[in-house]
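Naming: A, B, ... by sequence-line order, numbering from 1 per chain. Values below: every heavy atom of this structure, side chains too, minus hydrogens, waters and symmetry copies. Remember, predicted model here, so these are calculated numbers, not experimental data.
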Amino acid sequence: MRTHRCGELRKVHVGQEVKLGGWVHRRRDLGGLVFVDLRDRDGIAQVAFGPDAPEVLAVAASLTPETVVSVRGLVAARPVGQANPEMPTGEIEVRATAVEVLGPAATPAIPVARGKGEELAAEELRLRHRHLDLRRPELFRNLELRHRLLQRARAELAALGFLEIETPILTKPTPEGARDYLVPSRVHPGEFYALPQSPQIYKQLLMVAGFDRYFQIARCFRDEDLRADRQPEFTQIDVEASFIGVEDVYAVTEAVLVALWREAGHEVTAPFPRMPYRDAMERYGSDKPDLRIGLEIRDITGLIGPESGEFLRAAAQRGERVRAIVAPGGAALSRKDFDQLTEDAKTMRAAGLLWAKRSPDGVTGPGAKALGPTMASALGLADGEAVLGCVGADAVVLPALGRVRLELARRLKLPPATRHAFVWIEQFPMFERDPETGVLVPMHHPFTAPHPDDRAFLASDPERVRSMHYDPVYNGVELGSGSIRIVDPALQQQVFDRLGLTPEEVQQRFGFLLEGLRAGAPPHGGIALGFDRIAMLLAGAESLRDVIAFPKTTAARALFEGAPVPARKEDLDVLRLGVAK
RNA sequence: GGGGCUGUAGCUCAGCUGGUUAGAGUGCCGGUCUGUCACACCGGAGGUCGCGGGUUCGAGCCCCGUCAGCCCCGCCA
């Protein structure tokens, strides 16, 4: 039916007779001469219809955008001066000798062909008419890249001796962690499966079984609220290995990430630098610091002196830390900029933002008095610089300044120090307290092994215990998460005890994992990489929705197919379910 | 669960301090045109101003509610 794809035609094809199939991208009707831009997966070629074949020209004149046609013709060099340097196929055109309409097309609800500077249709419409939106070359390229990244990840892991093994989609609900999507069982009325939040326990059981090196391109489901970088169903590159330690996991992960970045055309180097969680929080106010930018957070509590404002001295007296960012060029920011930065800090629950700037006239701004006359010199605040600070509990102040830091970099348009800033964040706390209930909860999951140096504190001071958990971070984005797991059933029991789980609860929730550990478990650990995010970063997309063929909206709706929908009464009856009002 | 932004022609948008007949570009339909490439030119059709209620002599504009999309906080072991 076809001899070539539109986008592949070049000067070397001149003189050949070709048959093409594709969509009418645009038509330019000059009367006695009609040009059709024909589009397929590979690109666009210009088809020229002339007066030699009047009946073919007549068909061309009637073609509407997005009609599917087949064209037969001769590849010809364009006349002198008529080449289009902006098109890969711009040196040639196809002189049509025959054309056939294969699929007539209604006028598209949203435009596929977009002119220079033309805005995209609203995202709601793009999602509703996804089949049209996916015809846009940009989205096409994103999904093609995604395909290549998947193939590359598979090839890389397989070459390293990892076996690709599938795990169940219908699995067991897990009471903690994210909310599960539940699936009712017809055979067992009143009982439910859950869709997996991740194959965590299964992959550990595979290690117990001796598979040694496992990976899976795993679909995961979490019924939580969405973000630009969070979808309710998403894809992980899930990896686990036995008889390994942290260094082995880092090496494998780095090999995969370097391969993926290379596939997308970026040369990056391993090993990646490493940073303890505590440093990341104190210097960058985030457990996923963007190391392309400076603007580090400083502890200036020690600089508070008798000439500082009462407010700061009192805070320091209470034992609170005062932390601040010095921003080169910050004095050029407007009052409005500072007001908005203050709002940003407040959305992160900070009480406010102190700020002052230094110009030749001196140090000015609402925070100048509070910081005191000697603060500027103590800080080394130079002309043109600004200082922005927060006071209060670290748990509030550091994330708030972390947010301010990113906003500052954006507003100041600071040039990134490097293009690719990978970093491993490690030594996470094993537990944290629920701020509302004060209950000890695992920071990640309860199978994460404690750091060997801190095991003694498990009983005496659990909040001091660091875990063998690690996150690879790239340019301020968390790429994944992993850990070395607990293999000693007694240690696992001790962790469950710390979490206040009763033996009955443990047996009910994790009995099958404990049973596995008791059966002889090799030391093991692994990682799960957020594949959609990686695809988004490498495609240069701003939203996960641009690298997923059929994504959900922020309200978890599928606009194209229209899901979810109310269940039919017959279906509910079979499942013996009712809908509460 | 909370906060913010947006919703006007198929699409992208404008619409002043509330004022009488709601506009532009593009697309669509008809016409002219042999080298265009966002073709050009002439003509035409096209509106539940998201939806519901209220205030007012009068509402696209003000108020209340609601729906949808997007962004953020909470949430996401």
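- Across all strands shown, A/Leu120 has heavy atoms under 4.0 Å from sugar-phosphate atoms exclusively, and none from any base.
- Side-chain atoms of A/Arg26 lie closest to B/A38 of the nucleotides B/C72, B/A38, B/G69.
- Residue contacts shown for A/Gln197 are absent, as no nucleic acid heavy atom lies under 4.0 Å away.
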Verdict with supporting geometry, A/Asp454 and A/Arg466, salt bridge (charged side-chain N to carboxylate O under 4.0 Å, His left out): CA-CA 6 Å; A/Asp454 294 354; A/Arg466 292 165 300 167; 2.7 Å; yes
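- Within the nucleic acid shown, A/Thr554 comes within 4.0 Å of at least one base atom, counting heavy atoms only.
- Comparing B/G43 with B/U26, their P atoms sit 14 Å apart, to the nearest whole Å.
- Residue side chain A/Glu224 does not reach the base of B/G74 through any donor-acceptor N/O pair under 3.5 Å, judged by distance alone.
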Steps toward side-chain contact (heavy atoms from CB on, under 4.5 Å) verdict (A/Val99, A/Phe49): CA-CA 10 Å; A/Val99 61; A/Phe49 296 82; 3.9 Å; yes
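- At a threshold of 4.0 angstrom between heavy atoms, the contacts of A/Arg509 with the nucleic acid are absent.
- Annotation: cation-pi geometry satisfied between A/Arg464 and A/Phe457 (NZ/CZ under 6.0 angstrom from ring centroid, within 45° of ring axis).
- Contact annotation for A/Gln82: base contact, defined as any heavy-atom pair under 4.0 Å involving a base atom.
- Checked against a 6.0 Å centroid threshold, the rings of A/Phe531 and A/Phe234 do not count as neighbours.
- By the 30° and 60° cut-offs, the orientation of the rings of A/Tyr277 relative to A/Phe428 is tilted.
- Contact annotation: side chain of A/Asn84 to base of B/C37, donor-acceptor pair present below 3.5 Å.
- With a cut-off of 3.5 Å on both Watson-Crick or G-U wobble distances, the partner of B/G44 is given as B/C28.
- For B/U17, there is no paired base (Watson-Crick or G-U wobble, both distances below 3.5 Å).
- Contact annotation for A/Glu93: base contact, defined as any heavy-atom pair under 4.0 Å involving a base atom.
- Shortest non-hydrogen contact noted between A/Leu195 and A/Thr171 is C-CG2, 3.8 Å.
- In this structure, A/Arg27 does not reach the B/C37 phosphate: none of its side-chain N or O atoms is under 4.0 Å from OP1 or OP2.
- Between the side chain of A/Arg230 and the base of B/C76 there is at least one donor-acceptor pair of N/O atoms closer than 3.5 Å.
- The side chain of A/Thr107 places no N or O atom within less than 4.0 Å of a non-bridging phosphate oxygen (OP1 or OP2) of B/C28.
- Proximity of A/Arg128 to the phosphate of B/G69: no side-chain N or O atom is located under 4.0 Å from OP1 or OP2.
- Proximity of A/Arg545 to the phosphate of B/C71: a side-chain N or O atom is located under 4.0 Å from OP1 or OP2.
- Residue side chain A/Gln46 reaches the base of B/U36 through a donor-acceptor N/O pair under 3.5 Å, judged by distance alone.
- Within the 4.0 Å cut-off from OP1 or OP2 of B/U36, not a single side-chain nitrogen or oxygen of A/Arg28 is found.
- Contact annotation for A/Ala555: backbone-only contact, meaning every heavy-atom pair under 4.0 Å involves sugar-phosphate atoms and none involves a base.
- At a cut-off of 3.5 angstrom, the base of B/G74 holds at least one donor-acceptor pair with the side chain of A/Arg227.
- Both distances falling under 3.5 Å, in either a Watson-Crick or a G-U wobble arrangement, place B/A68 opposite B/U6.
- As judged by a 4.0 angstrom heavy-atom cut-off over every strand, A/Asp223 is placed among residues making no nucleic acid contact.
- No contact: A/Arg114 has no heavy atom under 4.0 Å from any strand.
- Among the heavy atoms of the strands lying under 4.0 Å from A/Pro442 are primed sugar atoms or P, OP1, OP2 only; no base atom is included.
- With both pairing distances under 3.5 Å, B/U34 is matched to nothing as a Watson-Crick or G-U wobble pair.
- Residue A/Glu118 is in base contact, counting any heavy-atom pair closer than 4.0 Å across all strands shown.
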